[in-house]
Chemist: 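Right, I'll just put the structure down here and ask away after.
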Amino acid sequence: MNILLALLSPVYAGQLLGTGILADGAFSGQSDFRIRYRMMNRLEPNFEKTHPYLHDYIEQIERLNLLVSKPKYSLGVQIDQVGLYLNKYILDDELKYSWQLYDDSVRAPSKDFLVVPEKAFYLYKGKNVEMGLGDVYASFGRGIVLNIVKNTDLDLDTSIRGTKAIVSSDMVELTMVSGVSNKQQLARLNPNVGVNQDIPHMISGSQLMLYGLADGQLTFGFHGMLGRFGRSEDNLLPAVARYDEGVDVTAGGVGLEIADFAGGDWYFELDSFHYFADEMIGEYETEAEKIAASRGFTAYGSSSLYFGSHVVTIEAKASKNGEKINSFTANDNWEVASAPSLEYERVITEDSAAAVNSNDIIGTRIRYEIPVKPNVFSPYVAVGILKDDDTTGLHFNDVPEVIVHPLAGFQWQQNGRLAVLNTGFRRDTRVSGNTYDQLIHMDGEFSTPLFGAEGLEINVSMWQFTWGDDDHHDFFEMQNAYVWRHGEHWDFTLYQDWSNNLQIQSRGNLNDELYAAFEAKWKPDDLSYFALLVGAYKAGIRCSGGQCRNLPGFEGMEFVYNQRF
Amino acid sequence: MGIQRYITYFFVISFFSLMSFTAHAGVGDNAPDFTLRNIKGKQVSLSSLKGKVVLINFWATWCQPCLAEMPHIDKYYKELKSKGFEVLSISTDDARNASRVKPLVKSRGFTFPVLLDKQTKVVKLYNPNKTLPYNVLIDRNGKIAWTKASYSPGEEVHIKKKIIEVLESP
């Protein structure tokens, strides 16, 4: 009876804490409630034919994370809920939808209301053993063959729904994971329209790490994974059916870390890939071509050399057919594995996003940190040099390119004031024809206290891109925010974007290029905040964690209530 | 329509019910234990610091506000370590950025222990939305005393005040 009451009423669940099996238990969570009025009264570019009935609608989202933990175990769930309102109309006595919450692959009692138990996990923690059941995450080596972790920066959260075990001591750690992928179905920051049923993929792998070898200087690791990917026709089969089907990919490798050797720290990793699925191998004419297309490798190395507090970090990567491992999941906006990209991800364009996910690339990045006055003034210079031989997929170029990208910047911080600046210039030169596209960019932040408890913060980011001889328009974009802090509890922000990039699918609210939005944020305490935003911001490509996503723009009004407990 | 109405009612009622509950829950819960490797490859457990006031600071190499906040935390760590204050600085960088953590720590001269949570292991227990930076202050009894998300210059004064409050509490 207690369990039934607890399920029906979280208040009753709370009262149960401290009694019975929940004695010594801790109950915590986060709730994020959003309601948006989306203004859609102008046809979006390129969508005039496919969405002829655009009109405004309301979207309401609730994301609830709950966690019960005891010294030895934790139990957590994430429940997402979305409701759409004003998204339909009646024409000739017939109900028509302008914005459908989900497509026919999803079964739910209501057309405009969806509750999804996105994540659930049970973790046991013993002295040398940790066991996870339900939604778990895994990342081996430098993430080159397996890197399934939360990427909330892009509103992505794919987990492995299955089991994970870690057996460890000071010197040895064995990780084993097996399950089917579970993509987060509902978005918190992006529009929830046309949600479709996720088709899970089977992913299994293991990693053995040996720490503290050679008087603590060496760490050695072996890792491997295999995957079987679901196809659209597998929609009706249970997810566990993937275990009964042939393997689509196997990948594995070794990693070696050497600490405090020759004035620095060193890391080397070599991984190989073997593809069996035709969809991953691609087109070929001869058997030799097929064999070459079904194999891949990635080699990655890094070296950090220390000269007092000065640090030089050198990274190098060579990869061929390593990105094919993401062939089935890239369209779903998540990746099974992502190698270190050597790119500056804070400013990325449609063109450079292709290089982030290149299937045939070699290059290096060198960064020199010069702490003139540590933690007060820390400048740096960096340069990335890459040769991208991939011309398929998202690439705009039809011949290989050599990319040279020098960067410089600093962080200065003193007496409550902060200034950060990053600037760079990138040129992608095509190996034939002597033509190039180029990018010049700058982003920075300045923050200072003003009189009394007032404060000012300015964030700017701008970039100019020229396409060279491609048949595209050059463009300039910027994303700025001006924040007035009124004491501890209030922030007032003016967002201002500008873009004449024809690749992005949004238009400004002040004119076609200019966007503005105002946000008031009230933080009554350290555990909660309320925010109200009115206006528009631009769409655009954004990369984080080696993954890139086209984020839609927004125009309208949004109210947010976020609570942690 | 009937089912829809009931589902809506259930969710709305549960939501507000939960909110009313949270008003009473607050902090004071036991902090879930965890074990992670530090940047030298050694295992570090939260439970090994029982009896001390611990600040868990979640950050990432690409997170600019984190890098602005960390020098202050390092300063408080040096000042208050003798009074029983410990810091566990947890890098949430995923595996692909792991080579960039130690150079950043060394170049900035941070002295607190830095742990690697490459597999989102501790983040999902303490900070499921992965807000950065994110601070969790744990008292001498192993209970969560205070949490704070995000950082703006000037807020370090508030952080220090909370640390001292918890250090001085019985």
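Order of the sequence lines fixes the chain letters, A, B, ..., with proteins taken first and strands second; residue numbering starts at 1 for each chain.
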Chemist: Using non-hydrogen atoms and a 4.5 Å limit, figure out which bit of B:Ala31 sits close to chain A: side chain, backbone, both or neither.
Modeler: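 Contact with chain A involves no heavy atom of B:Ala31 at all.
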
Chemist: Out of A:Glu457, A:Glu315, A:Arg367, which one racks up the most heavy-atom pairs below 4.5 Å with chain B?
Modeler: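 If we count pairs closer than 4.5 Å to chain B, A:Glu315 comes out on top.
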
Chemist: Using non-hydrogen atoms only, which part of A:Phe121 is less than 4.5 Å away from chain B: side chain, backbone, both, or neither?
Modeler: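 Side chain only.
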
Chemist: Step by step, work out the side chain to side chain contact (heavy atoms under 4.5 Å, CB included) result for A:Leu527 and B:Trp146.
Modeler: CA-CA 9 Å; A:Leu527 295 172; B:Trp146 178 69; over 6 Å; no

Chemist: Distance from B:Gln119 atom CD to A:Ile166 atom CD1, nearest 0.5 Å?
Modeler: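 With rounding to 0.5 Å, CD (B:Gln119) is 6.0 Å from CD1 (A:Ile166).
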
Chemist: Select all residues of residues 100-110 of chain B having any heavy atom within less than 4.5 Å of some heavy atom of chain A, and report them by number, or 'none'.
Modeler: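 At a heavy-atom separation under 4.5 Å, chain A is reached by B:Arg100, B:Lys102, B:Pro103, B:Lys106, B:Ser107, B:Arg108, B:Phe110.
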
Chemist: Quick one: does A:Glu130's side chain get under 4.5 Å of B:Thr35's, heavy atoms only?
Modeler: yes

Chemist: Please name the pair of heavy atoms, one in B:Pro71 and one in A:Gln413, separated by the smallest distance, quoted to 0.1 Å.
Modeler: CG-OE1, 3.7 Å

Chemist: Looking at chain B, which one of A:His310, A:Met209, A:Glu445, A:Arg485 has the largest number of heavy-atom pairs inside 4.5 Å, strictly under?
Modeler: A:Arg485

Chemist: Heavy-atom distance under 4.5 Å between the side chains of B:Gln64 and A:Arg346, does that happen here?
Modeler: yes

Chemist: With chain B as the partner, which of A:Ser309, A:Ser169, A:Ser528 has the greatest number of non-hydrogen pairs under 4.5 Å?
Modeler: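 The answer is A:Ser169.
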
Chemist: Sort A:Lys125 into side chain, backbone, both or neither according to what part of it lies under 4.5 angstrom from a heavy atom of chain B.
Modeler: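 Contact with chain B: side chain only.
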
Chemist: With respect to chain B, which residue among A:Val420, A:Val483, A:Thr313, A:Thr219 yields the maximal number of heavy-atom pairs within a distance under 4.5 Å?
Modeler: A:Val420

Chemist: Given heavy-atom pairs under 4.5 angstrom as the criterion, report whether the side chain, backbone, both or neither of A:Lys72 touches chain B.
Modeler: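 For A:Lys72, there is no contact with chain B at all, as no heavy atom is under 4.5 Å.
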
Chemist: So for A:Leu456, is it side chain, backbone, both, or neither that comes closer than 4.5 Å to the heavy atoms of chain B?
Modeler: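 The answer is neither part of A:Leu456.
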
Chemist: With a 4.5 Å heavy-atom cut-off, do A:Glu345 and B:Trp62 have their side chains touching?
Modeler: no

Chemist: Does any backbone or side-chain atom of A:Thr448 lie under 4.5 Å from a heavy atom of chain B? Answer side chain, backbone, both or neither.
Modeler: neither

Chemist: Taking the side chain as C-beta and beyond, is there a heavy-atom pair between A:Asp170 and B:Lys42 under 4.5 Å?
Modeler: no

Chemist: Find out whether A:Met171 and B:Gln43 are in side-chain contact, i.e. whether some heavy atom of one side chain is under 4.5 Å from a heavy atom of the other.
Modeler: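 No; the side chains remain at least 4.5 Å from each other.
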
Chemist: May I ask you to name which of A:Val376, A:Asn375, A:Val311 has the most heavy-atom pairs under 4.5 Å with chain B?
Modeler: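 That would be A:Asn375.
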
Chemist: List the atom pairs, donor and acceptor, that lie under 3.5 Å between side-chain atoms in residues 137-146 of chain A and the rest of the protein, sequence neighbours left out.
Modeler:
| residue | atom | partner | partner atom | Å |
| --- | --- | --- | --- | --- |
| A:Tyr137 | OH | A:Asp157 | OD1 | 2.8 |
| A:Tyr137 | OH | A:Asp157 | OD2 | 3.4 |
| A:Ser139 | OG | A:Asn147 | OD1 | 2.8 |
| A:Arg142 | NE | B:Ser99 | OG | 3.0 |
| A:Arg142 | NH2 | B:Ser99 | OG | 3.1 |

Chemist: I would like to know whether B:Leu67 and A:Gln411 meet side chain to side chain contact (heavy atoms under 4.5 Å, CB included); could you show each step before the answer?
Modeler: CA-CA 9 Å; B:Leu67 302 183; A:Gln411 177 178 311; 3.7 Å; yes

Chemist: Under the side chain to side chain contact (heavy atoms under 4.5 Å, CB included) rule, what do A:Glu173 and B:Arg37 come out as? Steps first, then yes or no, please.
Modeler: CA-CA 10 Å; A:Glu173 186 171 294; B:Arg37 302 262 170 191; 3.1 Å; yes

Chemist: Which bit of B:Leu132 comes within less than 4.5 Å of chain A, counting heavy atoms only: side chain, backbone, both or neither?
Modeler: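 It is neither, since no heavy atom gets under 4.5 Å.
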
Chemist: Measure distances from A:Ser74 to the heavy atoms of chain B and classify the residue's part below 4.5 Å as side chain, backbone, both or neither.
Modeler: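 Contact with chain B: side chain only.
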
Chemist: Quick one: side chains of residues 156-170 of chain B, donor-acceptor pairs under 3.5 Å with protein atoms, not counting sequence neighbours, listed by atom name and distance.
Modeler:
| residue | atom | partner | partner atom | Å |
| --- | --- | --- | --- | --- |
| B:Glu156 | OE1 | B:Tyr151 | OH | 2.6 |
| B:Glu156 | OE1 | B:Gly154 | N | 2.9 |
| B:His158 | NE2 | A:Asp526 | OD1 | 3.4 |
| B:His158 | NE2 | A:Asp526 | OD2 | 3.0 |
| B:Lys160 | NZ | B:Glu79 | OE1 | 2.9 |
| B:Ser169 | OG | B:Val166 | O | 2.8 |

Chemist: Can you see which heavy atom on B:Pro153 is nearest to which on A:Ser447, and at what distance?
Modeler: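 Answer, listing the atom of B:Pro153 first, then A:Ser447: CG-OG, 3.2 Å.
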
Chemist: Closest heavy-atom contact between A:Arg564 and B:Ala149?
Modeler: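 Shortest heavy-atom contact: NH2-N, 3.5 Å.
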
Chemist: Write out, in numerical order, the residues from residues 46-54 of chain B with a heavy atom short of 4.5 Å from a heavy atom in chain A.
Modeler: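 Residues of residues 46-54 of chain B touching chain A at under 4.5 Å: none.
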
Chemist: Need one label for A:Tyr380: side chain, backbone, both or neither, based on atoms under 4.5 Å from any heavy atom in chain B.
Modeler: neither

Chemist: If we only count heavy atoms from C-beta on, is the B:Asn127 to A:Gln30 side-chain gap below 4.5 Å?
Modeler: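 Answer yes - side chains close enough.
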
Chemist: Kindly indicate whether the side chain of A:Gln78, heavy atoms from C-beta on, has any atom under 4.5 Å from the side chain of B:Pro128.
Modeler: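 No - every pair of side-chain heavy atoms lies 4.5 Å or more apart.
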
Chemist: After noting the C-alpha distance and the side-chain angles of A:Val149 and B:Thr92, does the key distance pass the side chain to side chain contact (heavy atoms under 4.5 Å, CB included) rule?
Modeler: CA-CA 10 Å; A:Val149 292; B:Thr92 63; over 6 Å; no

Chemist: I need the A:Asn151 CG to B:Thr120 OG1 distance, nearest 0.5 Å.
Modeler: 9.5 Å

Chemist: Give a yes or no on whether A:Lys523 atom NZ has more than 12 heavy-atom contacts from other residues, nucleotides or ligands under 6.0 Å away.
Modeler: yes

Chemist: Can you tell which of A:Leu418, A:Asp265, A:Thr175 has the highest number of heavy-atom pairs within less than 4.5 Å of chain B?
Modeler: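 Option with the greatest count: A:Asp265.
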
Chemist: For a 4.5 angstrom cut-off between non-hydrogen side-chain atoms, does A:Lys119 reach B:Lys124?
Modeler: no

